[in-house]
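All remarks here apply to the structure that follows.
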Protein chains: 2
Amino acid sequence: MDELLREVRGRLAVTDQRMTRGRRALLEVFLRAGRPLGVREIVAAADGTVPQSSLYRNLAVLCDAGVLRRLNFDEGFVRYELDHEMTEHHHHLVCSRCNAVVDLDERTLGTVEAALAKAEAAIRRSRGFTVEEHQLDLRGVCRSCA
Amino acid sequence: MDELLREVRGRLAVTDQRMTRGRRALLEVFLRAGRPLGVREIVAAADGTVPQSSLYRNLAVLCDAGVLRRLNFDEGFVRYELDHEMTEHHHHLVCSRCNAVVDLDERTLGTVEAALAKAEAAIRRSRGFTVEEHQLDLRGVCRSCA
DNA sequence: ATATATGCAAAACTTTTGCATACAA
DNA sequence: TTGTATGCAAAAGTTTTGCATATAT
């Protein structure tokens with residue numbers, strides 16, 4: 001936790017932003033949750049002690065700083081998850097029934113990532129479009145809902 | 001256009017829904033546009049003659065009928081595009097600067113799709129999760145914005 | 001004839017913004 | 001001390017809903 005705080009403080013400093021109570025609280029919520037959270041869940045986890053305006057502002061700040069990552073599963077709201085160094089690039093498996101979100105690791109999607117890298121290179125060559133990021137989400141029915 | 005209308009009428013009939021003026025108008029807008037549209041664009045294209053309530057209801061109906069496909073590029077609103085038989089499964093290339101959306105065809109992402117199919121099979125075997133659909137979007141900077 | 005679709009208005013929900021005050025550096 | 005963050009309230013934007021009327025089958 002402490003080294004995470006130092007790391008985040010450093011990233012914030014890059015753009016002259018500060019480590020504050022509200023942001024520390026946010027980090028704790030995400031560390032405890034260990035999964036992508038929507039604003040309502042965050043408010044609930046913080047016992048409603050955080051006003052939404054600061055919440056949204058801090059989510060944006062922490063995303064810009066590369067501390068959080070913004071996720072959109074087309075649920076009508078946006079989710080966020082921790083994106084610090086220990087969290088590698090990965091994709092999600094979303095159950096359409098219970099909305100559970102599971103991370104997929106490199107082992108599972110390694111071949112897909114490799115194919116994507118090649119395709120992205122081809123896209124740059126053929127269309128002059130530089131791909132900077134990709135989002136891949138798999139939806140379906142999980143074991144317990146089936 | 002006519003055979004499309006018959007096709008859509010058929011799909012609607014499956015769930016006891018009707019082909020109406022409003023839905024026909026929607027189809028025409030999408031046919032003319034040939035690209036994913038947000039609600040605001042649809043309203044504009046229809047000269048503001050369509051109330052939003054019917055619009056949203058019809059978008060939902062046409063999605064359920066498999067006539068439209070719902071897309072979310074995390075722009076704060078949702079887009080829709082035609083999904084009739086002539087429109088095969090594909091993915092999107094979105095420019096982060098000008099928000100232009102380009103379709104990617106099977107030729108470009110064929111290898112990726114193949115790898116994905118294998119990964120989805122593996123996911124079913126290993127976790128009992130049945131993948132029903134996937135969404136893959138590539139974001140970056142297009143040639144004219146670069 | 002009858003169930004479904006439409007149109008209008010109002011509401012629900014997520015997210016953004018203005019501004020005075022509190023706080024981190 | 002100085003600029004940034006916070007908290008409150010209000011606004012903005014998208015999407016949903018209720019209900020009476022019109023329409024497709």
Side-chain angles (χ1 to χ4, degrees), chain A residues 5-29 36-65 67-80 99, chain B residues 5-29 36-65 67-80 99:
Chain A
L5 282 182
R6 247 197 325 281
E7 168 69 19
V8 172
R9 182 183 293 265
R11 298 203 190 190
L12 288 172
V14 174
T15 46
D16 271 339
Q17 279 148 332
R18 301 162 180 177
M19 170 57 80
T20 64
R21 270 182 291 119
R23 289 166 194 178
R24 225 179 337 254
L26 256 181
L27 291 177
E28 277 163 23
V29 168
L37 298 175
V39 167
R40 306 198 124 199
E41 294 172 294
I42 300 172
V43 170
D47 274 327
T49 55
V50 187
Q52 290 197 342
S53 60
S54 307
L55 193 42
Y56 277 102
R57 281 189 275 233
N58 280 333
L59 288 170
V61 166
L62 292 175
C63 279
D64 287 349
V67 177
L68 295 180
R69 186 188 292 139
R70 181 186 169 96
L71 303 171
N72 194 324
F73 297 129
D74 195 21
E75 301 168 286
F77 58 91
V78 172
R79 289 178 184 273
Y80 299 84
N99 281 316
Chain B
L5 282 182
R6 244 196 330 278
E7 169 69 17
V8 173
R9 180 183 293 267
R11 296 203 191 190
L12 288 172
V14 173
T15 44
D16 273 337
Q17 280 148 331
R18 300 160 180 177
M19 171 55 79
T20 63
R21 270 181 293 118
R23 290 167 193 177
R24 226 180 335 256
L26 257 182
L27 292 176
E28 276 162 24
V29 168
L37 298 176
V39 166
R40 307 198 123 198
E41 293 172 296
I42 300 172
V43 168
D47 273 330
T49 54
V50 186
Q52 290 196 345
S53 59
S54 308
L55 192 44
Y56 278 101
R57 282 190 274 234
N58 281 333
L59 288 170
V61 167
L62 292 175
C63 279
D64 287 349
V67 176
L68 294 180
R69 187 186 294 138
R70 181 187 170 96
L71 303 170
N72 195 323
F73 297 128
D74 195 20
E75 300 169 288
F77 58 90
V78 173
R79 290 178 183 273
Y80 299 85
N99 281 315

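Here the structure is a predicted model, which means the values were calculated and not measured. The sequence lines fix the lettering, A, B, ..., with proteins before strands; numbering per chain opens at 1.
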Quiz item: How about A:Phe77 and A:Val39: do any of their side-chain heavy atoms sit closer than 4.5 Å?
Solution: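 No, too far: nothing below the 4.5 Å cut-off.
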
Quiz item: Does some side-chain heavy atom of A:Leu62 sit less than 4.5 Å from a side-chain heavy atom of A:Leu12?
Solution: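 Of all side-chain heavy-atom pairs linking A:Leu62 with A:Leu12, at least one is under 4.5 Å.
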
Output the rounded distance in Å from [atom1] ([X]) to [atom2] ([N]).
X: A:Arg9; N: D:dT4; atom1: CZ; atom2: P; answer: 17 Å
X: A:Leu37; N: C:dT14; atom1: CG; atom2: P; answer: 15 Å
X: A:Met19; N: C:dA24; atom1: CE; atom2: C1'; answer: 12 Å
X: A:Tyr80; N: C:dT14; atom1: OH; atom2: C1'; answer: 10 Å
X: A:Arg24; N: D:dA5; atom1: CZ; atom2: C1'; answer: 13 Å
X: B:Asn58; N: C:dG7; atom1: CG; atom2: P; answer: 9 Å
X: A:Glu75; N: C:dT14; atom1: CD; atom2: P; answer: 11 Å
X: A:Asp74; N: D:dT14; atom1: CG; atom2: P; answer: 15 Å

Quiz item: Ignoring hydrogens and angles, are the base of C:dG7 and the side chain of B:Arg21 linked by a donor-acceptor pair under 3.5 Å?
Solution: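 Looking at the base of C:dG7, it does not pair with any donor or acceptor on the side chain of B:Arg21 (distance under 3.5 Å).
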
Sugar-phosphate only, base, or nothing, as touched by [X] at under 4.0 Å among non-hydrogen atoms:
X: B:Ser54; answer: base
X: A:Val39; answer: sugar-phosphate
X: A:Phe77; answer: sugar-phosphate
X: B:Val78; answer: sugar-phosphate

Self-check item: First of B:Arg23 and B:Ser53 reached from the 5' end of DNA chain C, by closest nucleotide
Solution: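 Looking at DNA chain C, the more 5' nearest nucleotide goes with B:Arg23.
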
Self-check item: 5′-ward residue of the pair A:Arg70/A:Gln17 relative to DNA chain C
Solution: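 The residue whose closest nucleotide sits nearer the 5' end is A:Arg70.
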
Practice problem: Using a strict 4.0 Å threshold on nitrogen-to-oxygen distance, state whether B:Glu7 and B:Arg11 make a salt bridge. | Solution: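 Judged by the 4.0 Å cut-off on N to carboxylate O distance, B:Glu7 and B:Arg11 do form a salt bridge.
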
Exercise. Determine yes or no for a side-chain-to-main-chain donor-acceptor pair under 3.5 angstrom, with B:Arg23 supplying the side chain and B:Arg18 the backbone.
Key: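 Between the backbone of B:Arg18 and the side chain of B:Arg23 there is a qualifying donor-acceptor contact (under 3.5 Å).
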
Practice problem: Please confirm whether the backbone N or O of A:Ala25 pairs with a side-chain atom of A:Glu28, one donor and one acceptor, at under 3.5 Å? | Solution: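 Not at all, since once roles are kept as given, no pair shorter than 3.5 Å links the two residues.
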
Quiz item: Given that B:Arg40 and B:Arg57 both sit by DNA chain D, which one's nearest nucleotide is further toward the 5' end?
Solution: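 So the residue in question is B:Arg40.
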
Practice problem: Taking only the side-chain nitrogens and oxygens of B:Tyr56, find out if one of them lies under 4.0 Å from OP1 or OP2 of D:dT16. | Solution: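 Answer no for this pair, as no side-chain N or O of B:Tyr56 is under 4.0 Å from OP1 or OP2.
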
